[in-house]
Amino acid sequence: MKTIKTACPLDCFDVCSIKVTLDNNKIIDVKGDDGDSITKGFICKKGMQLLEKINHPKRLTSPMKKVKGKWIPISWEKAIEEIGDKLMDIKKNYGSTTLIHYAEDGHGGLLKNIDTAFFNAYGGVAVPKGSLCWGAGIKAQTADFGNVLGHDPHDHLNAKTIIIWGRNPAFTNAHLVPFLKEAQKKGTKIVVIDPIKTATASFSDYYYQVRPETDGYLAMAMGKIILEEKSYDEAFVMNHCNGFDDYKNYLNELQLETLIEPTGLMREDVYELTSLYADNKPSSIILGYGLQRYRNGGKNIRLIDALGAITGNIGISGGGVNYANKYIAGYIDSDYVSNVHSDVTSTSFKRPLFSKYVLENREKIKGILVTKSNLVVQIPDTKKAIAAFSSIPFKVVIDHFMTDTAALADYVLPCTGIYEEEDFIFSSMWHSHCTYTEKILEPIEGVKHEFEIFNRLAQYMKMEDFLENYNNPKIYLERALKPLIEKLGCTFEELKGKRFKLEGSDIPWQDKKFATASGKFELIDPAIEIIYVDKKESAYPLHFLTLHPKISLHSQHYMDVAEGRFPEIFCNDKTMKRWNLVEEQKVMLISPSGELKVKVKLDDGVGDDIIISYEGWWLKNQGVNNLTPEGISDLGDQAIYNNCRCRIEGI
Ligand SMILES: Nc1nc2c(c(=O)[nH]1)N[C@H]1C(S)=C(S)[C@@H](COP(=O)(O)OP(=O)(O)OC[C@H]3O[C@@H](n4cnc5c(=O)[nH]c(N)nc54)[C@H](O)[C@@H]3O)O[C@H]1N2
Ligand SMILES: Nc1nc2c(c(=O)[nH]1)N[C@H]1C(S)=C(S)[C@@H](COP(=O)(O)OP(=O)(O)OC[C@H]3O[C@@H](n4cnc5c(=O)[nH]c(N)nc54)[C@H](O)[C@@H]3O)O[C@H]1N2
Ligand code: SF4
Ligand SMILES: [Mo]
């Protein structure tokens, strides 16, 4: 028997350390690593299911080709030949940028980025820029701090106040919860700001039910109170911030009531919240991603960052405006990984506007290769996404399963997953612990690692430069991790099979030297107008929020849900009465983008005139993105799923 350390590759904040026990080359036990100070010995159900997924009866075990609308298995030789021929034909006759390469983060392994190196060696293709996920916040924090760094979870224990602002760790970041509860036991006040009284809000000390998308107003109201009550940190703003006078003058001109009104909160609530943050210091803000999936998403995050700066809650233990954590990403050789060089002529389109780009360039686009994504159900506006994806004449998907996206393709190539391959797994979302995972099991018959898939394509296509630099997974990892190895002062071999932490990353910005061009924290000029339109009176008077499900990582755990089951929606009693609804009733939700048959559930934690559901449902259950709008945020080309309005009709 032997125990091996590995890590969860799912696109989750936690990137858990996992201990696998092996007996006679068979995994007999999987559990959370009790030696890791973040995983603390437990993993969620999705982590446990990683093993089940390996031998899942629906796992693809052969390349598949669609012939006259029917899928047939084909050999790897034939798949490589046919796909290789087509890629060469596209490049030669139309140019490489008529091919789209679309990737998400369905697996967090570093080696899984081999696709990017391949397509840049191919000549450069059309790639998405911006984000379905966190783009507005990333751009906002980069503008303010110059980089996006977070405090080590243990440092939150030093905070006297922790504000969880638009994140639901009870569902999406399970390993943050024990830290919050431990802090709470020591007397730290846990505060939640969210339009939904979430499972996280249920154990908080203070909960503020803000109206969707109005966080920028709330942050300005708080800023105004902090200035008026002179509870700001004068030394910090004088020495380390740019733009304080503009910020102050602008807020001075505004009426507090005008700022509070859209938020739906009471004046005394805003005073209480402000006092918790500005007086009960050090205070930490832990931001989520739900509140930046709006047109004003970037400004809202920048206005919240500003609160951290004016109160001096930056660069101190127990402080921070924690959004994501790019410490480790900063020590990956991204030039090597991306393989961008002078002969590359790629083009880009805005990721949330994939469908628009494809439909507008229908004549030009000749092919697409999708990796690590079920984009057809995950991008906004499903009807348009299906039309756009289907219109592309040559479509290849690499995945483990026949997802909705794969089902619409022409070829599907089955790949290896965790336990079947070595890799380096780390997170940019939360902590700076990482794992060099070992190969634990032989891959199931018929699947191949992406590394081999792209190497075989490159051999067939005679891509000599690529083959010279990207032919060996170990060398790839060693080269990509060179800056990290230098930083850690160890050898590459010493990383293998280990979980380790990047030291010195506990409290960012301690030296108050920011990574902005000025070296200072850049306060947003709040005069940049927030355009907030409350459409209560319109044809779509309800706000529709699609949140991340507890039970699934996006679409990945909805595969076995019964066909035809209606997605559940949740609303409060007031909304139920106003719309004459009863529990379990089946109704139609209608938005400007489409329709969705749903089942009604009561949840009194949901704010007034708000309907929530969870993302990830497959087409057999219609999927919530049938309703969401295509569009982008003010910063970072972020999808604006939560700017979705709807109404209810009977069916
Ligand atoms: N179980 C599970 N875990 C996951 C994922 C998953 O699919 N399943 N996905 C992973 C990924 S890729 C991501 S990006 C993260 C996302 O993690 P989170 O950011 O925690 O999740 P979201 O559901 O996107 O949104 C969080 C909260 O934002 C609130 N919210 C919505 N609009 C507003 C607003 O206007 N103001 C405020 N203050 N709050 C608002 C929602 O009500 C919700 O409670 O989770 C990761 N972890
Ligand atoms: N309405 C609404 N929609 C949303 C969101 C929302 O809040 N509301 N959130 C958005 C967010 S934050 C995100 S991050 C996106 C996520 O969008 P996606 O990343 O497209 O979503 P997943 O369903 O996780 O799809 C990942 C796919 O990768 C596959 N996969 C797993 N491992 C591997 C591997 O090793 N190799 C390959 N090639 N494939 C693998 C899985 O089987 C799965 O099909 O969804 C977005 N969609
Ligand atoms: S999904 Fe997240 S919480 Fe669950 S095991 Fe994986 S990393 Fe841990
Ligand atoms: Mo995400």
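All ligand and atom numbering here is 1-based and tracks the order in the structure.
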(Q) Just to confirm my output: which protein heavy-atom neighbour is closest to atom 41 (C) of ligand 2, and how far is it? (A) D399 OD1, 3.5 Å
**Q.** H548 neighbourhood, listing ligand 2 atoms whose heavy-atom distance to it stays under 4.0 Å
**A.** 5 (C), 6 (C), 7 (O), 9 (N), 12 (S)
**Q.** Contact atoms of ligand 2, heavy-atom distance to K112 under 4.0 Å
**A.** 34 (C), 35 (O), 36 (N)
Q.
Quick test of your reading of the structure: of P195, A324, G616, whose heavy atom lies closest to atom 39 (N) of ligand 1?
A. P195
Q.
At under 4.0 Å between heavy atoms, is it the side chain or the backbone of S555 that contacts ligand 2, or both, or neither?
A. both
**Q.** F171 and ligand 1 - part of the residue with a heavy-atom distance under 4.0 Å
**A.** backbone
Q.
Between ligand 2 and R293, is the shortest N or O to N or O distance under 3.5 Å?
A. yes
Q: Ignoring angles and geometry beyond distance, decide whether Q556 reaches within less than 3.5 Å of ligand 2 through its nitrogen or oxygen atoms.
A: yes
**Q.** Protein contact of atom 37 (C) of ligand 2 - nearest heavy atom, named by residue and atom, plus distance
**A.** E450 OE2, 3.2 Å
Q) Is there a donor-acceptor contact under 3.5 Å from the side chain of Q378 to the main chain of S373? A) no
Q) Relative to the ring of Y206, is the ring of Y208 parallel (under 30°), tilted (30 to 60°) or perpendicular (over 60°)? A) parallel
Q: Check each atom of ligand 1 against the heavy atoms of R167 and keep those under 4.0 Å away; list them by number with element.
A: 20 (O), 26 (C), 27 (C)
Q. Do N625 and ligand 2 have an N or O pair less than 3.5 Å apart?
A. yes
Q. For K45 and E52, what are the C-alpha separation, side-chain angles and deciding distance, and is it a salt bridge (charged side-chain N to carboxylate O under 4.0 Å, His left out)?
A. CA-CA 11 Å; K45 202 168 163 200; E52 272 166 48; over 6 Å; no
Q | T172, D11, T263: member with heavy atom nearest to atom 20 (O) of ligand 1 | A | T172
Q.
Checking a contact table here: which protein heavy atom is nearest atom 31 (C) of ligand 2, and how many Å away?
A. G106 O, 3.3 Å
Q: Could you establish whether T416 and ligand 2 come within less than 4.0 Å of each other, counting only heavy atoms on the residue side?
A: yes
Q. Any idea which protein heavy atom is nearest atom 25 (O) of ligand 2, and the distance to it?
A. N374 N, 3.4 Å
(Q) Donor-acceptor check, side chain of R59 to backbone of H400, threshold 3.5 angstrom: yes or no? (A) no
(Q) Is the terminal nitrogen or CZ of R167 (NZ for Lys, CZ for Arg) located under 6.0 angstrom from the six-membered ring centre of Y323 and within 45° of that ring's axis? (A) no
Q. Given I164, D194, I304, which one has a non-hydrogen atom that is nearest to atom 44 (O) of ligand 1?
A. D194
Q | Closest protein heavy atom (residue, atom, distance) for atom 7 (O) of ligand 1 | A | H554 N, 3.0 Å
Q | Close-contact set for ligand 2 against T546 heavy atoms, below 4.0 Å | A | 1 (N), 2 (C), 6 (C), 7 (O), 8 (N)
Q: Using a strict cut-off of 4.0 Å, indicate which atoms of ligand 1 neighbour a heavy atom of G290.
A: 19 (O), 24 (O), 25 (O), 28 (O), 31 (C), 32 (N)
Q: Please report which non-hydrogen protein atom sits nearest to atom 35 (O) of ligand 1, along with the residue it belongs to and the distance in Å to one decimal place.
A: E213 N, 2.7 Å
Q: Going by heavy-atom distance to atom 2 (C) of ligand 1, choose the closest among G605, P549, C12.
A: P549
(Q) Check for me whether the distance between the ring centres of F179 and H156 falls short of 6.0 Å. (A) no
(Q) Using a 4.0 Å cut-off to any heavy atom of L553, which atoms of ligand 1 qualify? (A) 2 (C), 3 (N), 4 (C), 5 (C), 6 (C), 7 (O), 8 (N)
**Q.** Shortest non-hydrogen separation from S613 to W617 and the atoms involved
**A.** OG-NE1, 4.3 Å
Q: Measure up the H56 and F401 rings against each other and bin them: parallel (under 30°), tilted (30 to 60°), perpendicular (over 60°).
A: perpendicular
Q: Give the atoms of ligand 2, by number and element, whose distance to some non-hydrogen atom of H107 is under 4.0 Å.
A: 32 (N), 33 (C), 34 (C), 35 (O)
Q: May I ask you to check if ligand 2 and T628 share an N or O to N or O distance below 3.5 Å?
A: no
**Q.** Region of E104 that comes within reach of ligand 2 [heavy atoms, distance under 4.0 Å]
**A.** side chain
Q: Could you check atom 10 (C) of ligand 2 against the protein and tell me its nearest heavy-atom contact, residue, atom and distance included?
A: L132 O, 3.5 Å
Q. Which of the numbered atoms in ligand 1 are below 4.0 angstrom from a heavy atom of E615?
A. 7 (O)
Q) Nearest to atom 33 (C) of ligand 1 by heavy atom, Y208, Y294, W134: which? A) Y294
Q: Identify the two heavy atoms, one from I301 and one from Q292, that lie closest to each other, and give their separation to 0.1 Å.
A: CG1-CB, 3.9 Å
Q) Which is closest to atom 19 (O) of ligand 1 in terms of heavy atoms, W430, Y323, Y289? A) Y289
(Q) Under 4.0 Å from a heavy atom of W165: which atoms of ligand 1 are those, numbered in the order shown and with their elements? (A) 38 (N)
Q | Closest approach of any protein heavy atom to atom 21 (O) of ligand 2, naming residue and atom | A | Q378 CG, 3.4 Å
Q: Could you check whether the rings of Y122 and F118 sit parallel, tilted or perpendicular, using 30° and 60° as the cut-offs?
A: parallel
Q. For atom 40 (C) of ligand 2, what's the nearest protein heavy atom and its distance?
A. K372 CA, 4.0 Å
(Q) Can you confirm if the aromatic rings of F13 and H175 lie within a centre distance of less than 6.0 Å? (A) no
Q: Over 60° means perpendicular and under 30° means parallel, so classify the ring planes of F171 and Y614, tilted if in between.
A: tilted
Q: Only heavy atoms count here, so choose which of G166, G297, A174 is nearest to atom 27 (C) of ligand 1.
A: G166
Q) Hey, does T403 come in under 3.5 Å of ligand 2, counting only N/O atoms on both sides? A) no
**Q.** For C415, atoms of ligand 2 separated by under 4.0 Å from a heavy atom
**A.** 34 (C), 36 (N), 37 (C), 38 (N)
Q) Which atoms of ligand 1 are found less than 4.0 Å from any heavy atom of G288? A) 19 (O)
(Q) Would I398 count as a polar contact of ligand 2, with the cut-off being nitrogen or oxygen pairs under 3.5 Å? (A) yes
Q.
List ligand 1 atoms under 4.0 Å from C133, heavy atoms only on the residue side.
A. 14 (S)
Q: Quick one: closest heavy-atom pair of R645 and P592, and the distance?
A: O-CD, 3.5 Å
Q) Atoms of ligand 1 less than 4.0 Å from I193 heavy atoms? A) 38 (N)
Q.
So does T628 get a backbone contact from the side chain of S593, meaning a donor-acceptor N/O pair under 3.5 Å?
A. yes
